[in-house]
Amino acid sequence: MMVDKRHPGPSGSAASSAAVPLFAFEPPVGTPYGLEVSTVEDFFAHHDDWPWNPPRPGRATFHYLIAVTEGELLHDVDHVTRTVAPGQWLWVRPGHAQCWHPPGAARGPFILFEPDVLRPDLARLLAPLTAHEAPAVLTPHPDDTAWLRQTALQLLDEHRALGRRPLDIHHALRRSLLESLLLRLANSPGIAPIGAATAHAGRADWYGRFLDALELHFRELHHAADYAELLGCSVRTLSRAARHATGKGVRELIDERRLLEARRLLGVARWDARSVAVHLGFSDPANFGRFFRDRTGLTPAAFAAGEAG
């Protein structure tokens, strides 16, 4: 289901103890087209030695989505332990630092999919839901709860029906059910309305392009002007798009992304502050220390010690 790939640590060695495990999508042989559906209970039964025994943090290159129908699920997403109750959904997006807990009595459908499973037009429509900063725990609108659960079970049934009908029909049905489910999940509180996103398509497009560029260049580009030049727009246009989408300025979003990476590297990967400072493009560790302390109230060393504890 997943394959452990490792990023080089500060020493450049892939075998370094500081390396962050990166789990790539690797479904069972015969599973078509970047989408796998299981249940929490089956997943743990088939993977009793990974990666929760003992729990180990890592990141995935794909989305995974869990609908809790019974019990209570605990899961760490970006250093915060989330509690997912029946009727709620856990969504871990590509790149999130995450760590499993034993499932206990938790039950429910478990959906894993690669980003390119979604058709491009629908992916743009669902951008507020699939965005890196969207909520990790979703509480659907009460009118949608039963429908979402039933659709997830239908998706599970169709996934298990491989061989019952032609492969292209089988995959089209699975993708259609997934897309329907995600469109309904996008109605959850805390997600920007789809209509609002499409009503300002120009601004949303600039913001989406900015997020893509930020994910690629946040280590070396740290100013709004850098991204405006890269994208071929004015700083004003980019700032308006960011403000409309998030209520935040471009520089604030850049700093938040750098801070998130710093927390991941200090906590999950156990990098030292000097290595993190170099990795994130700070001129010296002291500047990084001030940046981190101003935004968290902790020095990098204190934060790392707390995470280790």
Side-chain angles (χ1 to χ4, degrees), residues 7 9-10 18 20 57 59 76-80 82 91-98 127-136 190-192 197 203-307:
H7 291 308
V20 181
R59 303 190 213 184
D76 292 356
V77 183
D78 281 338
H79 314 287
V80 178
R82 322 286 174 145
W91 194 321
V92 180
R93 296 163 178 88
H96 280 162
Q98 55 83 27
L129 182 67
T130 58
H132 194 273
E133 68 274 14
I191 303 297
R203 288 179 181 174
D205 184 56
W206 282 120
Y207 176 65
R209 292 172 64 187
F210 164 66
L211 285 185
D212 291 341
L214 180 63
E215 198 60 30
L216 291 173
H217 300 290
F218 67 86
R219 297 174 185 84
E220 69 271 12
L221 299 183
H222 308 141
H223 303 284
D226 297 331
Y227 289 91
E229 181 180 358
L230 182 68
L231 297 174
C233 67
S234 68
V235 171
R236 186 177 183 182
T237 294
L238 188 57
S239 297
R240 283 179 172 178
R243 289 279 179 196
H244 176 76
T246 67
K248 301 175 183 178
V250 175
R251 182 57 186 268
E252 186 178 358
L253 294 171
I254 296 168
D255 285 350
E256 284 183 355
R257 184 62 185 90
R258 297 175 85 196
L259 180 64
L260 174 60
E261 195 71 9
R263 289 168 58 90
R264 287 171 169 170
L265 295 175
L266 291 166
V268 173
R270 304 289 187 260
W271 285 27
D272 61 79
R274 181 178 294 275
S275 298
V276 176
V278 172
H279 183 72
L280 295 179
F282 286 89
S283 56
D284 63 69
N287 286 342
F288 169 63
R290 285 190 292 272
F291 169 88
F292 194 88
R293 186 175 60 251
D294 289 347
R295 288 159 180 80
T296 66
L298 296 171
T299 65
F303 173 82
E307 289 294 298

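Positions are given from 1, in the same order as the sequence printed here. Everything quoted here is computed from the prediction, not taken from an experiment. Atom set for the values below is all heavy atoms of this structure, side chains included, hydrogens, waters and symmetry mates excluded.
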| task | Using the test side chain to side chain contact (heavy atoms under 4.5 Å, CB included), find all partners of A301 that sit at least two apart in sequence or belong to another chain. | result | T299
| Does a sphere of radius 6.0 Å around CD in E252 hold more than 12 heavy atoms from other residues, nucleotides or ligands, not counting ones at 6.0 Å or beyond? | yes
| query | Y227 side chain to A213 main-chain N or O, any donor-acceptor pair under 3.5 Å? | reply | no
| field | Ring geometry between F282 and H222 (parallel below 30°, tilted from 30 to 60°, perpendicular above 60°) | value | parallel
| message | Take a 6.0 Å sphere around CZ of R251 and say whether it holds more than 12 heavy atoms from other residues, nucleotides or ligands. | response | yes
| query | With a 4.5 Å limit on heavy-atom distance, are the side chains of V276 and P300 in contact? | reply | no
| query | Which is it for R295 and E256 under the salt bridge (Lys or Arg N to Asp or Glu O under 4.0 Å) test, yes or no, and what are the steps along the way? | reply | CA-CA 9 Å; R295 288 159 180 80; E256 284 183 355; over 6 Å; no
| request: Please assess R264 against E261 for the test salt bridge (Lys or Arg N to Asp or Glu O under 4.0 Å), listing each intermediate value before the final yes or no. | output: CA-CA 5 Å; R264 287 171 169 170; E261 195 71 9; 3.6 Å; yes
| Within 45 degrees of the axis of the six-membered ring of F303 and under 6.0 Å from its centre: does R263 put its NZ or CZ there? | no
| request: Check whether any side-chain N or O of R243 sits under 3.5 Å from a backbone N or O of G247 as a donor-acceptor pair, and report yes or no. | output: yes
| Quick one: does V80's side chain get under 4.5 Å of D76's, heavy atoms only? | no
| request: Using a 4.5 Å cut-off on heavy atoms from C-beta on, say whether the side chain of Y207 contacts that of L238. | output: no
| field | pair W91-V77: side-chain heavy atoms closer than 4.5 Å | value | no
| task | Taking all non-hydrogen atoms of both residues into account, name the closest pair between R93 and T130 and its distance. | result | CD-O, 3.4 Å
| query | Do the side chain of T237 and the main chain of C233 share a donor and acceptor less than 3.5 angstrom apart? | reply | no
| message | I'd like to check F291 versus L259 (side-chain heavy atoms, cut-off strictly below 4.5 Å). Are they in contact? | response | yes
| task | Return yes if some donor-acceptor pair links the side-chain N/O of S275 with the main-chain N/O of W271 below 3.5 Å, else return no. | result | no
| Got a donor-acceptor contact below 3.5 angstrom from the R257 side chain to the L214 backbone? | no
